[in-house]
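Below is one structure; the comments refer to it alone.
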Amino acid sequence: MPYTPSEIEPKWQQRWAEARVAEVDVNAPGEKFYMLNMFPYPSGDLHVGHGRNYILGDAIFRAFRMRGRMALNPMGWDAFGLPAENAAIKRGTHPRQWTLGNIARMKAQFERWGILYDWSKELASCEPEYYRWNQWLFLQLYKRGLAYRGKAPVNWCPTDQTVLANEQVIDGRCERCGSVVVQRELEQWFFKITDYADRLDAGLDSLDDWPEKVKLMQRNWIGRSVGADVEFSVPALGKPIRIFTTRPDTIYGATFMVLAPEHPDVAALIADHPQRADIEQWIAAVSNQSNLERQEAGKEGRFTGKFAVNPFTNEEIPIWLGNFVLMQYGTGAIMAVPGHDERDFEFAQQYGIEVRRVVDGGELPYVDKENGVAVNSPLIDGLKFAQAVERIIDEIERRGIGKRMVRYRLRDWLISRQRYWGTPIPMLYCDRCGIVPVPEEQLPVTLPLDVPFTGREGNPLAKDARFVNATCPQCGGATRRETDTMDTFVDSSWYFCRFITPRDDTKIFDSALVNRWLPVDQYIGGIEHAILHLLYARFITRTLYDMGLVNFEEPFARLFNQGVITKEAYKDQSGAWVALSEVEFRDGKPYRGEELLTAEVGKMSKSHFNVVPPDELIAKYGADTERVYTLFIAPAEKEAAWSDEGVVGASRFLNRVWAHGEALLASSGQRTASRVLTRKTHQTIAAVTQRIERFEFNTAISALMELSNAIGDAVTRGDDVREVYVALLQLLHPFAPHITEELWERMGEKGFILDAPWPVSDPELMKEDVATIVVQVNGKLRGQVEVPSPPSEEQVFAAVAANETVQKWLSGKEIVKRVYIPGKLVNLVIR
RNA sequence: GCGAAAGUGGCGGAAUUGGUAGACGCGCAGGUCUCAGAAGCCUGUGAUCAUUAGAUCAUGGGGGUUCGAUUCCCCCCUUUCGCACCA
């Protein structure tokens, strides 16, 4: 019988579904293993690039389950968000309809890949059963002062008509649509993630099984800096101005002070300035600029006409306003040390301010902290950075003009969105009582479904009188409901807990069970979430910890980021992307007619015409082939280029595995597996087991190919190698589940191969009985000798001495050194 | 600019603690089967020299440590990614 995946794959998918093989009773005893893929946004069709993520997860799930773990692999939908709303505006379908339709399509796609999820635990963040707990969580954070409404300069995306979190602004542009983000001063809801900056930073140290890269990115984002706050008295103001510095050791070199244009003391400082109007105009202009624009404009400033007193030199130093000082960081004011800071130097050069050297070393501006020694600084002359800082801060604290300070770059998480398709923020605005939270028993605040989508005039919720008008729970009077919705990253910052008890309508989750199942043992998703989602999830988990709802602070014990799958796309000479059907290859070069096209390898995208849809591939080769190829193509964390020819190799491999099974069934061989094949089998079991744990799927599969080739040779010789073959099927199952189930059954084995225990390697059977020792003379390969294994050192040197080829090289020379690497090689150094 | 990772055949990529570089697969070449083709299957496949045996050179470039370096150290080059006036 030929191998026909189109028949066996649906058959096994159906059987697994009927037997509910992936359903887990969270109360049942066993050693838990929580495998989780980041839940996807239901955008519609999936391509082979998306498949990598889920195929990896399924392979891990199956392998751990076969190794006896009670493995849970749930799936849900990050179902709120802008694309649904945009689709509604464009096509007139309701975001909910659009989203549910996509979910159905993606679910069918997962099934065709043979991926096993516990669908009894499915959840979608757009359902009131889910988002009511978002609202509940919001209220708990509000109670604890961790959710607050504040006015601040925020990032506004003019295209998406909403504010964005700092984390959603990439290079000054909206993460979603790429529009240049503008600054606006608005009153919005924030989560006080900055209260957790120190814990989020410190916690990274405990994440041994996270990629270093992700930890580093988070560390940089949190941006912990150690330094001091120092007050500089300002006689004209009658009160001091506080600055933050990481270089207190350079304070003797502070020849001026710079305030952010938005600094609260600016108005008083320039009140009597002759060019006050000009300065105010300049401040207004700078305030409207984004950071990106300010940076492009170069250093600019205005002198306030007032002076501060440097507490260490007692000199009066001018107070300037500067576009490079940010109100959001530190105190919005700096002491400028042009001799030892590049930005201050640049500013000083431009405005002719004195540059003073206070650290000996290289050319000014000299910023090296490691090698310099303090000079012109009476209190600390001759000291290096660390001691100098200590002395200065001690003195600052002694005088009561400041203190040691740790500051963070991280800013509070802006969670308000002026969009419809999200969780309504459960807050009310009462003219009499002010801001009033919706009482918990009134949750959920349901998103009204029958609103019109015009795409204009902002959020449709704000125009829905039935939604907006409410009764105040405190005074009983009429109130206005908050019409902003929550950032969808709120939804995804705790969903991994909800999967354990997804239908509980009395509480957010069951703490005892969540404490049993979490942290997630293996979390898999793209690197694009290195900061956003993972930071927010770590933050919310800590707030849950502080509420006593969970007993862990880190939600994800082990993290893996898969690389993207790329494919060649073709551009014509005008730079437009060309559909693949129009491209023809001559001499390996892409043409459209006579026009030479340029090839560019990139992420799969419909607009680049380089998407590989899995359905065609599955129809031609089967899902198992796609799975094996996807895992074999490259190390899973690396970017990998899809190759249609490469798929053929995976297909051939599975066909051979099938053919060997057929041959074994057809003939009754005589001899059992040879010693060499037995050894290879046990080595393969050990290798595959270890490589799955290390996410080295490409080499795990290559080891299985080697074993399969060895089995092929044995089958050709007529050996009965059923036992070895069955072990191969088991090892292969996590990667190619359908074909292995089918062959398992054909070989007369009982039950699902999925439920069969993972084969165990016997260290005794892995040993070689003859050791081949490589002989080097002066480091060059000069021969080999075979000795019984395990050999003694004497046996080896005796065999080497007796070897003819080696003797030829040794003739007349003296051996000055003998090196023996047990079991591997001998090196003789001669002269 | 700062930070991080990486550079191995025509291609994707392998190589415990330094120990026969190129596993496995793609591609290519030859063979087999066929009227022919496709698919299988078998053999070969880093480069150079040599009829062969074999030799020499090869892991971005240059140096070093070592009996021995893809692996460790120093310098340089290139690529990718992250952050970007954070005081």
Side-chain angles (χ1 to χ4, degrees), chain A residues 2 170-172 211-221 223-225 227 243-247 250 254 258 260 291-292 294-299 322-326 328-337 340-344 346-347 367 407-411 527 530-531 588 628-629 632-635 637-653 655-656 659 690 696 698-709 712 716 772-784 815-831:
Chain A
I170 311 289
D171 292 335
E212 287 303 320
K213 182 182 166 136
V214 174
K215 287 193 276 185
L216 187 70
M217 282 168 71
Q218 291 220 357
R219 204 159 261 139
N220 290 341
W221 189 261
R224 183 173 193 271
S225 333
I243 60 99
F244 172 67
T245 179
T246 55
R247 293 296 305 273
T250 62
V258 189
N291 275 1
L292 193 71
R294 291 187 197 194
Q295 216 168 134
E296 278 166 1
K299 300 270 182 300
N323 66 346
F324 68 103
V325 177
L326 306 173
Q328 300 96 316
Y329 184 75
T331 61
I334 62 162
M335 67 173 201
V337 184
H340 306 285
D341 182 283
E342 281 176 21
R343 296 152 301 182
D344 299 349
E346 197 186 321
F347 192 85
V367 298
R407 290 195 181 266
Y408 298 89
R409 210 184 73 114
L410 185 70
R411 287 183 227 154
I527 187 77
I531 292 171
V628 168
Y629 175 65
F632 182 63
I633 182 170
E637 72 280 4
K638 276 190 69 176
E639 186 176 297
W642 187 269
S643 139
D644 293 327
E645 294 85 49
V647 177
V648 175
S651 176
R652 282 181 195 150
F653 167 53
N655 270 296
R656 276 195 293 264
Q690 187 185 59
E696 295 166 355
N698 56 331
T699 53
I701 290 173
S702 76
L704 290 171
M705 287 173 169
E706 284 186 59
L707 182 60
S708 167
N709 290 345
T716 310
T772 306
I773 308 287
V774 174
V775 185
Q776 294 182 344
V777 178
N778 281 353
K780 303 240 162 149
L781 173 65
R782 296 301 181 211
Q784 305 189 339
I815 298 173
V816 293
K817 194 175 175 184
R818 307 190 303 179
V819 183
Y820 174 50
I821 311 287
K824 289 203 169 159
L825 67 79
V826 159
N827 190 11
L828 305 171
V829 184
I830 61 170
R831 209 181 276 137

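Chain naming here is simple, since letters A, B, ... match the order of the sequence lines and numbering starts at 1 in each. Since the model is a prediction, treat every value here as computed from it, not as a measurement.
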Response to the item:
Among the nucleotides B:G19, B:U20, B:C83, whichever has the atom closest to the side chain of A:Val819 is B:G19
Fill in: For atom NZ of A:Lys213 and atom P of B:A6, their distance in whole Å
11 Å
Item to complete: Provide the distance between the two P atoms, one in B:G60 and one in B:A69, to the nearest whole Å.
Response: 15 Å
Practice prompt. Determine the contact category for A:Asp344: base if any of its heavy atoms lies under 4.0 Å from a base atom, sugar-phosphate if only primed atoms, P, OP1 or OP2 are that close, otherwise nothing.
Written response: nothing
Discussion item. Between A:Glu696 and A:Pro635 (side chain of the first, backbone of the second, donor and acceptor by atom type, cut-off under 3.5 Å), is there such a pair?
Written reply: no
Item to complete: Please measure how far the C1' atom in B:A15 lies from the corresponding atom in B:U65, and state the result in whole Å.
Response: 22 Å
Worksheet, complete the sentence: Quick note, A:Trp221 side chain, CB onward, closest among B:A84, B:G19, B:A87 is B:A84
Worksheet item: So what does A:Ser643 touch, heavy atoms closer than 4.0 Å: a base, only the sugar-phosphate, or nothing?
Response: nothing
Item to complete: Using a 4.0 Å heavy-atom cut-off across all strands, classify A:Leu825 as base, sugar-phosphate, or nothing.
Response: base
Practice prompt. Sort out the partner of B:G37 for me: Watson-Crick or G-U wobble, both distances under 3.5 Å, none otherwise.
Written response: none
Worksheet entry | Strand partner of B:U17, provided both Watson-Crick or wobble distances fall under 3.5 Å | none
Fill in: Distance, rounded to the nearest Å, where A:Ile701 contributes CD1 and B:A14 contributes C1'
14 Å
Worksheet item: If we take the C1' atom in both B:G25 and B:G18, what is their distance in whole Å?
Response: 28 Å
Discussion item. I'd like the C1' distance from B:U59 over to B:G22, given in whole Å.
Written reply: 9 Å
Worksheet item: Could you state the CZ-P distance from A:Arg294 to B:A84, rounded to the nearest angstrom?
Response: 15 Å
Response to the item:
Of A:Arg409 and A:Leu828, the one whose closest nucleotide on RNA chain B sits nearer the 5' end is A:Leu828
Below 3.5 Å between N/O atoms, which protein atoms pair up with nucleotides 41-46 of chain B? Just atom names and distances, please.
unit_1	atom_1	unit_2	atom_2	d
B:C41	OP1	A:Arg656	NH1	3.3

Item to complete: Starting from C1' on B:A84, measure out to OH on A:Tyr329 and report it in whole angstrom.
Response: 14 Å
Discussion item. With a 4.0 Å cutoff (strictly under), does any side-chain N or O of A:Lys638 reach OP1 or OP2 of B:G13?
Written reply: yes
Worksheet, complete the sentence: Walking RNA chain B from its 5' end, the first of A:Glu639 and A:Leu216 to be reached, judged by nearest nucleotide, is A:Leu216
Discussion item. Please name the nucleotide paired to B:A84 by Watson-Crick or G-U wobble geometry with both distances under 3.5 Å, or report none.
Written reply: none
Item to complete: Among A:Ile243, A:Val258, A:Asp341, find the one that has a side chain to side chain contact (heavy atoms under 4.5 Å, CB included) with A:Met335.
Response: A:Ile243
Response to the item:
Pairing partner of B:G46, by Watson-Crick or G-U wobble and under 3.5 Å for both distances, is B:C57
Worksheet item: Are A:Phe653 and A:Leu704 side-chain neighbours, meaning at least one heavy-atom pair lies under 4.5 Å?
Response: yes
Discussion item. Contact between A:Ile527 and A:Val214 at the side-chain level, heavy atoms closer than 4.5 Å - yes or no?
Written reply: yes
Worksheet entry | Spacing of the C1' atoms in B:G7 and B:A58 (rounded, Å) | 15 Å
Practice prompt. Name the pairing partner of B:A5, where a pair is Watson-Crick or G-U wobble with both distances under 3.5 Å, or state none.
Written response: B:U79
Response to the item:
Checking B:A87, B:U20, B:C24 against the side chain of A:Gln776 (C-beta onward), the nearest is B:U20
Discussion item. I want to check a possible cation-pi pair here: A:Lys299 against A:Phe324, using under 6.0 Å from ring centre and within 45° of the ring axis as the test.
Written reply: yes
Worksheet entry | Whole-Å gap separating P (B:A6) and CD (A:Glu212) | 12 Å
Worksheet item: If pairing requires Watson-Crick or G-U wobble contacts with both distances under 3.5 Å, which nucleotide is the partner of B:U51?
Response: none
Discussion item. Side-chain N or O of A:Asn698 versus OP1/OP2 of B:G12: is the shortest distance under 4.0 Å?
Written reply: no
Fill in: Integer-rounded Å distance: B:A87 C1' and A:Asn323 CG
14 Å
Worksheet item: Which nucleotide, in any strand shown, forms a Watson-Crick or G-U wobble pair with B:C26, with both distances under 3.5 Å?
Response: B:G10
Practice prompt. Answer with base, sugar-phosphate or nothing: what part of the nucleic acid does A:Val325 contact at a heavy-atom distance below 4.0 Å?
Written response: base
Worksheet item: Is any side-chain N or O of A:Ser225 closer than 4.0 Å to OP1 or OP2 of B:A87?
Response: yes
Item to complete: Would you kindly check whether a donor in the side chain of A:Glu342 faces an acceptor in the base of B:G1, or vice versa, at under 3.5 angstrom?
Response: no
Worksheet item: How close or far is atom C1' of B:U80 from atom CE of A:Met217, stated in whole angstroms?
Response: 13 Å
Worksheet item: Does the side chain of A:Tyr329 reach to within under 4.5 Å of the side chain of A:Phe244, using non-hydrogen atoms?
Response: yes
Worksheet, complete the sentence: Using Watson-Crick geometry (N1-N3 plus N6-O4 or O6-N4) or G-U wobble (N1-O2, O6-N3), each under 3.5 Å, B:U66 is paired with none
Worksheet item: Do A:Asn698 and A:Ile633 come within less than 4.5 Å of each other through their side chains, counting heavy atoms only?
Response: no
Worksheet item: B:G27 and B:G13: how far apart are their C1' atoms, nearest whole angstrom?
Response: 14 Å
Fill in: Selected nucleotide, minimal atom distance to A:Thr699 side chain, candidates B:A14, B:G13, B:G19
B:A14
Worksheet item: Can you list the steps and then say if A:Ile531 with A:Asn220 is a side chain to side chain contact (heavy atoms under 4.5 Å, CB included)?
Response: CA-CA 10 Å; A:Ile531 292 171; A:Asn220 290 341; over 6 Å; no
Worksheet item: Is A:Tyr629 reaching over with its side chain to a backbone N or O of A:Val648, donor-acceptor style, under 3.5 angstrom?
Response: no
Worksheet item: Taking atom C1' in both B:U17 and B:U71, what distance in whole Å separates the two?
Response: 11 Å
Item to complete: Taking the side chain as every heavy atom from C-beta outward, state whether A:Asn655 and A:Ser651 have any atom pair closer than 4.5 Å.
Response: yes
Worksheet item: Atom CG of A:Asn220 and atom C1' of B:C81: how far apart are they, to the nearest Å?
Response: 13 Å
Worksheet item: For A:Glu706, which contact category applies under a 4.0 Å heavy-atom criterion: base, sugar-phosphate, or nothing?
Response: sugar-phosphate
Fill in: Minimum side-chain heavy-atom gap A:Arg818-A:Val826 below 4.5 Å
no
Worksheet item: Using the P atom in both, what is the distance from B:C76 to B:A21, to the nearest Å?
Response: 31 Å
Response to the item:
Assigned chi class of B:G46 under the 90° convention is anti
Worksheet item: Out of B:C26, B:A23, B:A87, which has the shortest distance to the side chain of A:Glu645?
Response: B:C26
